[in-house]
Number of protein chains: 2
Amino acid sequence: MPNKKIEELKTALKKKHTIVFMAKCTVKYSGRAEAFLESGERVIMIKPDNTLIIHQPFGNAPVNYMKPGAMHKLIENKKDNTLLLSSTNNSLNEYIEINITKLISLNSAILNDSTKIRIFGTEKDMSDFIYDNPKVISKDFRPVSREEQTKYGFIDVFGYDKNKSLVVIECKRYTAGPTAPQQLRRYIERLAKSKGIKAKNIKGIIAAPKITKNALAMTKELNYEFKSIEPPAYMEKKKDKQNRLKKYF
Amino acid sequence: MPNKKIEELKTALKKKHTIVFMAKCTVKYSGRAEAFLESGERVIMIKPDNTLIIHQPFGNAPVNYMKPGAMHKLIENKKDNTLLLSSTNNSLNEYIEINITKLISLNSAILNDSTKIRIFGTEKDMSDFIYDNPKVISKDFRPVSREEQTKYGFIDVFGYDKNKSLVVIECKRYTAGPTAPQQLRRYIERLAKSKGIKAKNIKGIIAAPKITKNALAMTKELNYEFKSIEPPAYMEKKKDKQNRLKKYF
DNA sequence: ATATAGATCTCGTCA
DNA sequence: TGACGAGGTCTATAT
């Protein structure tokens with residue numbers, strides 16, 4: 001490996017640049033589990049906050065990583081002309097060893113970026129939409145709170161029907177699986193206990209665009225209701241995708 | 001922006017290289033949700049399988065991404081000297097627009113890597129450990145199967161006690177939360193139904209290193225049992241971390 | 001620090 | 001292809 005590149009990498013690490021390099025290497029990880037990756041060519045990224053990310057040339061997820069706050073040490077082995085990048089996170093008790101046998105490319109720079117991403121169409125947006133438009137549940141539904149995360153658990157939307165019976169709504173932004181009625185059941189049982197009423201007198205509703213067959217069976221067995229509701233951002237997008245996109249720039 | 005770099009990027013895209021570049025850009029995403037990221041300097045990676053990943057210079061997770069299988073188009077705007085990288089995934093109905101105002105660095109190469117990571121210390125390893133060492137549950141426990149992926153759900157370990165009562169064990173690698181007794185409850189209720197026996201005659205055990213206070217309360221309320229068990233890899237690691245690491249290389 | 005649940009979750013696996 | 005649960009999940013939020 002060229003000494004110049006190694007010096008450049010050392011300097012970039014010291015100066016806390018954002019560093020990206022391609023290298024042939026093996027990887028060992030030890031921490032919450034243990035992981036081993038045989039020799040291959042990968043992309044390795046190190047950030048100023050000491051995040052380390054290793055990507056294989058396929059797939060969406062990194063194959064290995066260290067969370068922000070690790071410490072990196074670069075050790076040259078002049079005998080066999082290899083580099084060892086050793087990363088430790090003492091507080092998390094995690095450890096990575098990258099044994100580099102070939103340095104294919106290297107780039108580093110100070111990147112200026114302090115912006116935060118804005119995301120629309122989350123589950124919170126969905127529960128807000130239901131709170132603001134209760135008629136999508138039923139004309140009799142009267143919401144009284146959203147995101148009730150304190151006493152009774154994390155209830156998405158909470159209210160009363162025309163008979164003043166309690167109504168608890170669990171939102172899912174995608175197809176509801178078996179965990180949805182499970183969650184609803186847990187919230188309703190807790191709520192019933194704390195209010196001193198019977199769980200069967202609380203109405204449970206799952207609001208999601210779709211529900212799986214099994215989840216629907218469970219929902220009905222527990223005497224809850226499924227209400228098909230699209231996430232609001234998706235509805236907006238359908239209506240006028242281009243206008244919505246333009247709004248933010 | 002230098003024409004040479006733009007041509008290099010175009011060629012690399014065409015040749016399906018693994019590409020990494022740093023750029024000042026804005027990002028718009030529309031798909032499962034909608035996301036907007038104002039101008040800033042980031043690392044952008046494009047893989048031969050058409051994965052696209054955008055990293056800000058901080059944090060572990062990518063700020064934006066497209067899954068494998070997207071299509072990328074590079075459009076030059078010579079008027080204001082900008083580049084538009086437009087990515088679409090038609091089958092997933094997802095879309096990203098990256099507006100590049102500065103190209104800071106660029107590297108591309110064909111990376112050879114066909115290896116797959118091996119991970120030890122997963123939940124499966126834990127259920128295998130319990131199956132092979134049933135005495136860690138109790139001296140009377142007789143396991144008959146592990147990882148029972150049936151119509152009843154996914155049961156980690158399944159067996160009988162000395163009275164020939166059914167025993168169902170749910171494993172968690174980390175602190176068990178409220179979802180653990182919930183899951184166990186679902187498996188046991190389904191199993192009881194299909195076997196035509198009463199759910200209360202099936203013994204439920206949560207095996208995990210720790211359990212939260214609420215989860216323990218739920219566990220007891222449902223007449224299940226919590227058994228504190230360390231994940232096996234962690235135990236091995238404690239015993240002789242160095243030996244274990246050496247074994248695999 | 002712990003607890004809890006969402007996520008543009010991702011990924012593998014099985015029917 | 002959908003369903004389902006694990007994940008070295010990660011991340012944000014509340015206690």
Side-chain angles (χ1 to χ4, degrees), chain A residues 27-36 51 59-68 89 91-96 116-117 119-127 147-151 153-156 170-180 183 186-187 210-215 231 233-234, chain B residues 27 29-35 51 54 59-68 89 91-96 116-127 147 149-151 153-156 170-179 183 186-187 210-215 231 233-234:
Chain A
V27 186
K28 296 186 225 175
Y29 162 80
S30 181
R32 284 167 295 179
E34 315 220 337
F36 304 91
T51 302
N60 183 83
V63 67
N64 273 115
Y65 52 88
M66 291 288 272
K67 287 192 204 169
N89 189 318
S91 57
L92 296 173
N93 193 28
E94 292 187 300
Y95 176 74
I96 267 190
K116 264 200 71 182
I117 196 163
I119 297 176
F120 304 85
T122 61
E123 198 187 87
K124 188 181 179 308
D125 293 331
M126 195 171 163
S127 64
E147 308 254 300
E148 187 76 19
Q149 347 201 356
T150 43
K151 300 170 232 171
F154 297 69
I155 292 172
D156 291 330
E170 174 61 31
C171 299
K172 292 290 166 207
R173 54 184 305 281
Y174 44 88
T175 305
T179 55
Q183 247 179 63
R186 182 157 68 90
Y187 296 154
K210 282 202 291 181
I211 191 165
T212 65
K213 210 181 134 195
N214 279 339
Y234 185 68
Chain B
V27 185
Y29 163 79
S30 180
R32 284 166 293 179
E34 315 221 336
T51 302
I54 306 171
N60 182 84
V63 68
N64 275 115
Y65 55 90
M66 292 287 273
K67 287 190 201 170
N89 188 320
S91 58
L92 296 173
N93 195 26
E94 293 187 299
Y95 179 73
I96 268 191
K116 267 200 70 184
I117 195 164
R118 289 174 296 151
I119 297 175
F120 303 86
T122 61
E123 198 188 86
K124 188 181 178 309
D125 293 329
M126 195 172 164
S127 64
E147 308 253 304
Q149 173 67 81
T150 60
K151 51 188 162 173
F154 192 93
I155 294 170
D156 290 331
E170 172 63 30
C171 299
K172 292 288 166 212
R173 293 187 63 228
Y174 307 115
T175 307
T179 56
Q183 250 179 61
R186 182 158 77 90
Y187 297 154
K210 282 201 291 181
I211 192 164
T212 64
K213 208 180 137 197
N214 280 338
Y234 185 68

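Just so it is clear, the values below take in all heavy atoms, side chains as well, and ignore hydrogens, waters and symmetry mates.
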When you measure from the side chain of [X], which nucleotide among [options] comes out closest?
X	options	answer
B/Y187	D/dG7, C/dT8, D/dG5	D/dG5
B/A61	D/dT11, D/dG8, C/dA3	D/dT11
B/T212	C/dT4, C/dT8, D/dG8	C/dT4

Any donor-acceptor pair under 3.5 Å from B/R32 side chain to A/Y174 backbone: no
A/R173 side chain to A/M126 backbone, donor-acceptor under 3.5 Å: no
How many whole angstroms separate atom [atom1] of [X] from atom [atom2] of [N]?
X	N	atom1	atom2	result
B/E123	D/dG8	CD	P	11 Å
A/K213	C/dA15	NZ	P	15 Å
B/Y29	C/dT8	OH	C1'	4 Å
A/E170	C/dA5	CD	C1'	9 Å
A/N89	D/dC10	CG	P	11 Å
A/N60	D/dT9	CG	C1'	13 Å
B/Y65	C/dT10	OH	C1'	8 Å
A/L92	D/dC10	CG	P	9 Å

Presence of donor-acceptor pair under 3.5 Å, side chain of A/E34 and base of D/dG8: no
Donor/acceptor link under 3.5 angstrom from B/N214 side chain onto base of C/dT4: no
Comparing A/I211 and A/K116 on DNA chain D - which has the more 5′ nearest nucleotide: A/I211
B/I119 or A/P68, whichever maps to the more 5' nucleotide of DNA chain D: B/I119
Strictly below 4.0 Å: does [X] bring a side-chain N or O up to OP1 or OP2 of [N]?
X	N	value
A/R186	C/dA5	yes
A/R32	D/dC10	yes
A/Q183	C/dG6	yes
A/K67	D/dC10	yes
B/K124	D/dG5	no
A/Y174	D/dC4	no

Test item: A/V27 and A/V63 side chains (from C-beta on) under 4.5 Å apart, heavy atoms: no
Distance, C1' atom - from C/dC14 to D/dG8, rounded to whole angstrom: 24 Å
Pairwise C1' distance, C/dT8 and D/dA14 [rounded to whole Å]: 25 Å
Residue mapping more 5' on DNA chain C - nearest nucleotide basis, B/T175 or A/I117: B/T175
From A/D125 atom CG to B/E34 atom CD, the distance as rounded to the nearest 0.5 Å: 10.5 Å
Separation of A/I119 CD1 from A/K124 NZ (nearest 0.5 Å): 14.0 Å
Sugar-phosphate, base or nothing in reach of A/K210, heavy atoms under 4.0 Å: nothing
Nearest atoms (heavy-atom pairs only) where B/Y65 meets A/N60: CD1-OD1, 3.7 Å
